[in-house]
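Take a look at the structure below.
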Amino acid sequence: MSPRSRRAVLLGAATVSAALALTGAVTAQAAAANLSATFAQTSVWTGGYGAGYTIANHGDAPATGWTVEFDLPAGTSVSSSWSSVKTQAGQHYKFTNAGFNGTIKPGATANFGFNVAGSGLPAGCTVNGLPCAGGGPVTTTPTTTTATPPPTTTTTPPPAGDTVTVSTAAQLQAALANAAPGQAIKLAAGTYRGSFVTTKAGTAAKPITLSGPANAVLINDGPSGDAPDCPSPTAGWDSGYGLWLSGAPYWNLTGFTVQESKKGIVVDNSPHTTIDGVNVNHVDEEAVHFRRSSADSVLKNSTITSTGLVQPGYGEGVYLGSANSNWACHGNSGGVDRGDRIQVLDNHIGPFIAAEPIDVKEGTFNGVIRGNTFDGRGISGENSADSWIDVKGIGYTIENNTGTFSSPGTFANGYENHNTSTSPSFDNGCGNVWRGNKSDLGGVGAYAIKISSVSKCAANPNVVYASNTVTNATSGLTNIPVTP
């Protein structure tokens with residue numbers, strides 16, 4: 001669930017240009033919030049698009065709630081939304097803040113998003129009853145004083161590109177809630193126990209960084225509360241995720257540890273996330289999940305062990321995309337979870353990963369899995385988990401990885417592919433390339449690389465190069481012809 005406390009926003013000092021005693025009563029306007037709401041499309045597909053609004057507070061007092069309203073033309077409708085509460089009357093839509101993002105401090109922003117069926121764009125936008133372009137205060141409170149003329153006041157927004165050092169769970173929650181582009185949040189060594197989630201976006205030029213030493217440990221004792229039908233940050237619900245990025249692109253996560261949580265790190269609708277040198281261990285389900293089209297992200301130099309402690313069949317080390325059975329919730333790109341071009345580089349995954357060390361889901365394209373070490377001890381066999389990698393995606397490069405297996409565990413093949421049928425249809429499990437991988441199957445596994453079907457990928461074949469090697473296999477390198 002969302003952080004329960006907020007980091008105080010530093011306001012610039014009021015400066016008085018003159019202080020001359022005058023007589024008579026004057027009326028001064030109290031500090032007020034001044035909101036704008038800016039629309040942006042985030043993705044476009046045939047028959048629809050994804051979009052959202054950024055609500056910014058240009059005033060000098062916090063806004064304690066917001067409502068954005070607009071109209072869509074006939075034939076266009078909002079099919080799903082997040083980080084807000086939606087109501088509708090005909091073609092008129094109203095979005096009110098969720099419990100976690102209602103307060104917007106001066107200089108800060110809040111966001112919500114939605115998917116649209118149709119091509120029409122919002123019109124007649126208002127925020128708290130005023131035009132979305134801003135320009136007017138939300139509330140004013142007159143006060144009567146017998147004093148000098150009103151002083152000149154300058155309001156300074158939260159600093160961008162600064163460093164915030166945290167040492168308690170409450171401080172971390174506040175820092176995540178108020179993160180700004182270019183900011184660096186630094187964890188002191190220690191244990192942070194709570195719900196840690198952010199919906200704040202960085203930018204390509206100014207990513208947000210969360211870093212700490214390996215002995216800075218995030219733990220979530222959840223879940224608790226009433227879960228929504230589809231996971232999204234919701235007041236009164238703690239997801240149990242160790243760290244959750246939701247609608248928060250351009251984050252760098254570096255160095256710290258996540259453990260003893262339902263899931264480790266979940267990256268939802270947060271493309272361009274880089275996870276570098278983290279340790280995720282002893283989690284109930286999967287360790288790292290790139291979900292809801294978190295494309296162009298990277299996981300590198302990290303260590304993952306001991307997953308699936310409660311749900312072995314869902315205890316993947318790294319999960320790219322979503323099963324098509326979950327696209328109703330997570331298919332935010334034309335009905336598909338398009339976690340494309342994700343790179344998994346130079347990680348140590350295992351032992352005791354209860355499901356696959358890496359599960360590449362259908363509908364994802366053109367990822368790179370390179371230089372990783374897989375220790376297959378402890379693969380459970382549940383939910384068909386019996387290999388280092390299960391590839392249902394399209395066009396992946398899988399190269400220069402090293403995999404081993406020894407008991408305990410269930411192990412069929414080193415790498416497998418499967419051709420899952422989906423709607424919309426893709427060449428799932430096709431067009432993938434294996435090269436330079438070293439496999440020790442421990443005298444148990446059949447093939448280093450097992451291709452489930454050649455005919456289903458005739459137009460976009462999988463390729464296994466002769467640079468792959470295998471030892472201790474019961475059958476051999478692969479079941480298809482090898483490419484020199």
Donor-acceptor contact below 3.5 Å, side chain [X] vs main chain [Y]:
| X | Y | answer |
| --- | --- | --- |
| N400 | R370 | no |
| N252 | S211 | no |
| S294 | S270 | yes |
| N97 | T103 | no |
| N432 | Y396 | yes |
| D337 | S293 | yes |
| S297 | T273 | yes |
| T422 | P424 | yes |
| T307 | G315 | yes |
| Q173 | S195 | yes |

Restricting to non-hydrogen atoms, name the atom on K200 and the atom on I208 that form the minimum distance, rounded to 0.1 Å.
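Of all heavy-atom pairs spanning K200 and I208, the closest is O-CD1, 4.0 Å.
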If you take all heavy atoms of T203 and K206, which pair is closest and at what distance?
OG1-N, 2.8 Å
Side chains of [X] and [Y], heavy atoms from C-beta outward: is any pair under 4.5 Å?
| X | Y | result |
| --- | --- | --- |
| W251 | V267 | no |
| S306 | H282 | yes |
| N178 | V164 | no |
| D71 | H92 | yes |
| N324 | N428 | no |
| I219 | Q259 | yes |
| W388 | N401 | no |
| P231 | Y241 | yes |

N281, V278, I353 screened by side-chain contact (heavy atoms from CB on, under 4.5 Å) with I304, the one that passes:
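The residue from N281, V278, I353 that satisfies side-chain contact (heavy atoms from CB on, under 4.5 Å) with I304 turns out to be I353.
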Between Y192 and F256, is the gap from one ring center to the other below 6.0 Å?
no
Mind checking whether F70 and Y53 have ring centres under 6.0 Å apart?
yes
Does any donor atom in the side chain of N347 or N372 lie under 3.5 Å from an acceptor atom in the other side chain?
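N372 and N347 do have a side-chain donor-acceptor pair below 3.5 Å.
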Going by distance alone, is a donor N or O of one side chain under 3.5 Å from an acceptor N or O of the other, for D238 and N220?
yes
Derivation of the side chain to side chain contact (heavy atoms under 4.5 Å, CB included) call for D390 and E316:
CA-CA 10 Å; D390 187 355; E316 295 84 358; over 6 Å; no
Looking at Y93, I want to see if its OH is surrounded by more than 12 non-hydrogen atoms of other residues, nucleotides or ligands under 6.0 Å.
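Yes, enclosed.
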Parallel, tilted or perpendicular: which fits the ring planes of F39 and Y49, with parallel below 30° and perpendicular above 60°?
perpendicular
Parallel, tilted or perpendicular: which fits the ring planes of F114 and F95, with parallel below 30° and perpendicular above 60°?
parallel
Qualifying residues under side-chain hydrogen bond (donor to acceptor under 3.5 Å, both in side chains), relative to D284, sequence neighbours excluded
none
Under the side chain to side chain contact (heavy atoms under 4.5 Å, CB included) criterion, do D276 and V298 qualify, and how do the steps go?
CA-CA 8 Å; D276 185 2; V298 180; over 6 Å; no
Salt bridge check, R341 against D296: does any charged N sit closer than 4.0 Å to a carboxylate O?
yes
Is there a side chain to side chain donor-acceptor pair (under 3.5 Å) between N332 and N269? Walk through the geometry before answering.
CA-CA 8 Å; N332 60 328; N269 192 29; 3.3 Å; yes
If you round to the nearest 0.5 Å, how far is CG of N419 from NZ of K392?
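Reported value, rounded in 0.5 Å steps: 10.5 Å.
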Chi angles and distances behind the side chain to side chain donor-acceptor pair (under 3.5 Å) call for N366, D340
CA-CA 6 Å; N366 302 328; D340 297 345; over 6 Å; no
